A.B. asks: 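After the structure tokens below, expect a handful of questions from me.
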Amino acid sequence: MNIFYLSAECYPAAKVGGLADVVGSLPKYLCRQGVKTSVVIPKYRTDWIQDQPFETVFSGEAPLGRDSFSFEVQKKQDDDLGFPFYVIDIPDRFDRPGIYGDLQSGAAYEDDAERFFSFQIAVLEWIRSLAEKPDIFHCHDHHTALIPFMMTQCHRFKSLQKLPTIVTVHNAEYQGRYSHDKQKFLPDFNETKAGLLDWQGRLNCLATGLKCCWKISTVSPSYMKELRQQSNGLERLFVHEKQKSRGILNGIDESIWNPETDAYLSHHYSVQTLEEGKHANKKELCNKFSFDAGRPVISFIGRFVEQKGADLLPDLFSMLIDKGTDANFIILGTGNPELHKRFRRMSAEYIGFFDASLNYNEKLAHQIYAGSDFMIMPSRFEPCGLNQLYAMRYGTIPIVRAVGGLKDTVVDIAKPNGSGFTFRDFTLEAAGQAVERGLELYQYKTKFYALCQKIMKLDYSWNASAQKYIEMYQQINSKTHG
Ligand code: ADP
């Protein structure tokens with residue numbers, strides 16, 4: 001089988017969040033299991049992309065409304081990512097360091113529609129020229145969700161109309177919603193089918209993809225169910241498309257997220273050497289923030305957006321510190337400017353107990369997973385969540401709100417097979433109680449380290465989930481060839 005992954009992100013080329021981690025790792029596991037999976041993303045001007053040797057495999061020109069644009073498809077010369085990796089070079093649109101917006105100001109790029117429409121058009125233009133077509137187009141999130149529509153309705157791509165498509169929803173909060181006048185950027189299509197582009201009066205890329213694709217998947221079984229009740233306006237559509245939908249849990253890339261080999265850590269450790277290993281990493285982390293390493297460390301890593309519930313943390317951490325809780329609190333993240341201000345104020349107010357690194361820092365993220373005792377995730381919703389999986393792999397106990405993928409991956413310690421602390425309500429009280437239960441366990445070192453060892457041994461690698469994707473591909477393939 002020959003699968004093409006189309007995405008806006010792929011680690012290590014371009015990463016904003018979990019989408020990159022998934023697209024940069026699942027194909028590796030699929031290729032290893034004999035399913036050739038190529039990844040295609042736009043050619044951004046990131047440091048990593050600039051350092052790689054690429055060769056041009058296709059040059060073309062395609063329409064974008066009344067204009068046209070030139071593009072090149074370039075392939076990474078070696079396959080050392082573990083899968084064939086392609087970038088589409090559209091200089092006017094993607095030759096910028098940011099993925100979705102300006103890195104300095106954080107403002108979203110205004111030509112979002114033109115950027116991702118042209119990317120998708122270029123992909124199809126290239127693929128229609130290939131003698132050997134992919135067996136399946138696997139589109140990830142709204143940036144590539146117009147592909148199933150264009151393949152079936154645009155006259156230009158008629159030769160691709162029978163090829164199967166999958167849309168994976170990594171986060172339905174972001175849908176690519178535009179006014180209908182952006183339709184003018186699409187190549188000529190069957191006008192009687194214009195309704196497919198519409199959802200609640202707007203052009204909605206994700207909704208269009210969900211309607212037109214063969215199969216829908218999302219990144220955890222619980223999130224799949226939740227989407228039918230709450231998905232930023234798409235609830236009815238998820239109910240309607242239920243028969244072709246399924247949830248498959250994300251996994252972690254063991255070649256990157258492994259405390260025995262992690263290139264970002266100065267102290268490696270395994271289940272056997274957990275206690276010394278965590279101790280050494282914690283000491284280093286605490287030195288960095290001028291914390292007392294004798295106290296437990298509770299950390300948060302993530303984007304400051306509604307979804308992640310980071311707005312609960314200032315009051316939660318202040319409440320705990322004001323109460324005299326003997327713990328250190330670390331934040332790594334960026335987003336809502338108001339929260340930046342609050343965290344900055346707290347760093348000044350609670351010197352030696354609280355600190356925030358308000359940036360994107362891959363190395364520090366790894367050091368925090370390794371050097372913390374607890375990782376807190378008070379998410380309002382969470383499609384899968386990778387932080388809790390990385391935390392567990394590094395023997396760091398998750399404290400999570402039981403929603404979406406968090407509910408599917410973290411079992412409260414009060415139950416058999418417990419792996420962390422969970423809470424239900426999005427309130428200070430509920431989150432506070434969960435943290436306090438964690439800190440209570442920390443007092444009993446034998447029990448505490450037994451739990452750290454147990455969660456380190458859990459298998460959240462891609463092996464099991466990659467198999468589920470393969471089943472889905474095989475089902476689709478048997479329909480086309482059966
Ligand atoms: P989402 O994709 O919704 O942001 P996930 O939990 O799926 O959330 O994935 C988040 C990924 O982004 C993880 O790899 C996490 O370590 C990383 N990450 C988030 N914020 C930062 C940051 N400020 N610095 C470094 N890594 C970060």
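Computed from a predicted model, the values in this text were never measured in an experiment. Remember, it's 1-based here, ligands and their atoms both numbered in the order they're listed.
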A.B. asks: Charged N to carboxylate O under 4.0 angstrom, Arg393 versus Glu254?
C.D. replies: yes
A.B. asks: Is there a donor-acceptor pair under 3.5 Å between the side chain of Ser217 and the backbone N or O of Gly247?
C.D. replies: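 Between the backbone of Gly247 and the side chain of Ser217 there is no qualifying donor-acceptor contact (under 3.5 Å).
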A.B. asks: Tell me the protein heavy atom at minimum distance from atom 12 (O) of ligand 1, and give that distance in Å.
C.D. replies: Lys15 CE, 3.7 Å
A.B. asks: For ligand 1, find out whether one of its N or O atoms is nearer than 3.5 Å to an N or O atom of Val16.
C.D. replies: no
A.B. asks: Going by the order shown, which atoms of ligand 1 are within less than 4.0 Å of some heavy atom of Arg303?
C.D. replies: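 Once the distances to Arg303 are compared, the set is 1 (P), 3 (O), 4 (O).
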A.B. asks: His170 near ligand 1, heavy-atom distance under 4.0 Å?
C.D. replies: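 False for this residue.
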A.B. asks: Does a donor on one side chain sit under 3.5 Å from an acceptor on the other, for Asn171 and Gln307?
C.D. replies: yes
A.B. asks: Within a distance under 4.0 Å of any heavy atom of Ala365, pick out the atoms of ligand 1 and give their elements.
C.D. replies: 25 (C), 26 (N)
A.B. asks: Counting non-hydrogen protein atoms only, what is the nearest one to atom 27 (C) of ligand 1? Give residue, atom name and distance.
C.D. replies: Tyr360 CE1, 3.4 Å
A.B. asks: Give a yes or no on whether a salt bridge exists between Lys244 and Glu241, defined as a side-chain N under 4.0 angstrom from a carboxylate O.
C.D. replies: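 Judged by the 4.0 Å cut-off on N to carboxylate O distance, Lys244 and Glu241 do form a salt bridge.
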A.B. asks: Heavy-atom contact check, 4.0 Å cutoff: does Asn359 meet ligand 1?
C.D. replies: yes
A.B. asks: What protein heavy atom lies closest to atom 2 (O) of ligand 1? Include the residue and the distance to one decimal.
C.D. replies: Gly18 N, 2.6 Å
A.B. asks: So is Met377 close enough to ligand 1, meaning a heavy atom under 4.0 angstrom away?
C.D. replies: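 Per 4.0 Å heavy-atom rule, Met377 does not contact ligand 1.
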A.B. asks: Run the numbers for me: atoms of ligand 1, each under 4.0 Å from some heavy atom of Gly385, listed by number.
C.D. replies: 6 (O)
A.B. asks: Verify the ring-centre separation between His142 and Phe116: is it less than 6.0 angstrom?
C.D. replies: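 When the ring centroids of Phe116 and His142 are compared, they turn out to be at least 6.0 Å apart.
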A.B. asks: Could a heavy atom of Gly333 be found less than 4.0 Å from some atom of ligand 1?
C.D. replies: yes
A.B. asks: Give the C-alpha distance, both sets of side-chain angles, the deciding distance and a yes or no for side-chain contact (heavy atoms from CB on, under 4.5 Å) between Val23 and Glu9.
C.D. replies: CA-CA 7 Å; Val23 174; Glu9 297 180 37; over 6 Å; no
A.B. asks: Give the single entry among Leu332, Leu389, Asn387 that approaches atom 10 (C) of ligand 1 most closely by any heavy atom.
C.D. replies: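 Nearest heavy atom to atom 10 (C) of ligand 1 lies in Asn387.
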A.B. asks: Are any non-hydrogen side-chain atoms of Ile331 and Phe354 less than 4.5 angstrom apart?
C.D. replies: yes
A.B. asks: Considering the heavy atoms of Gln307, write down every atom of ligand 1 situated less than 4.0 Å from one of them.
C.D. replies: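 Numbered from 1, ligand 1 contributes 3 (O).
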A.B. asks: Backbone or side chain, does any N or O of Asn171 fall under 3.5 Å from an N or O of ligand 1?
C.D. replies: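 No; the residue has no nitrogen or oxygen that sits under 3.5 Å from a nitrogen or oxygen of the ligand.
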A.B. asks: Near Arg424 CZ, under 6.0 Å, is it more than 12 heavy atoms from other residues, nucleotides or ligands?
C.D. replies: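 Incorrect, the count does not exceed 12.
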A.B. asks: Can you see whether Gln367 engages Tyr369 through a side-chain donor-acceptor pair at a distance of less than 3.5 angstrom?
C.D. replies: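 Result is no, nothing qualifies.
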A.B. asks: Counting each atom of ligand 1 from 1 as listed, which ones have a heavy atom of Lys308 under 4.0 Å away?
C.D. replies: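 Near Lys308, meaning under 4.0 Å from one of its heavy atoms, ligand 1 has 1 (P), 3 (O), 4 (O), 6 (O), 8 (O).
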A.B. asks: Number the atoms of ligand 1 from 1 as they appear, then name those within less than 4.0 Å of a heavy atom of Tyr369, with their elements.
C.D. replies: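 Listed by number with element: 15 (C), 16 (O).
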A.B. asks: Give me the residue, atom name and distance of the protein heavy atom closest to atom 6 (O) of ligand 1.
C.D. replies: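 In this structure, atom 6 (O) of ligand 1 has Leu386 N, 2.9 Å as its nearest protein heavy atom.
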A.B. asks: Please state which option from Asn361, Leu19, Leu364 has its nearest heavy atom closest to atom 25 (C) of ligand 1.
C.D. replies: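 Ranked by closest heavy atom to atom 25 (C) of ligand 1, first place is Asn361.
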A.B. asks: With atoms numbered from 1 as shown, which atoms in ligand 1 lie under 4.0 angstrom from a non-hydrogen atom of Gly302?
C.D. replies: 19 (C), 20 (N)
A.B. asks: Tyr390 heavy atoms, cut-off 4.0 Å: which ligand 1 atoms fall inside?
C.D. replies: 13 (C), 14 (O)
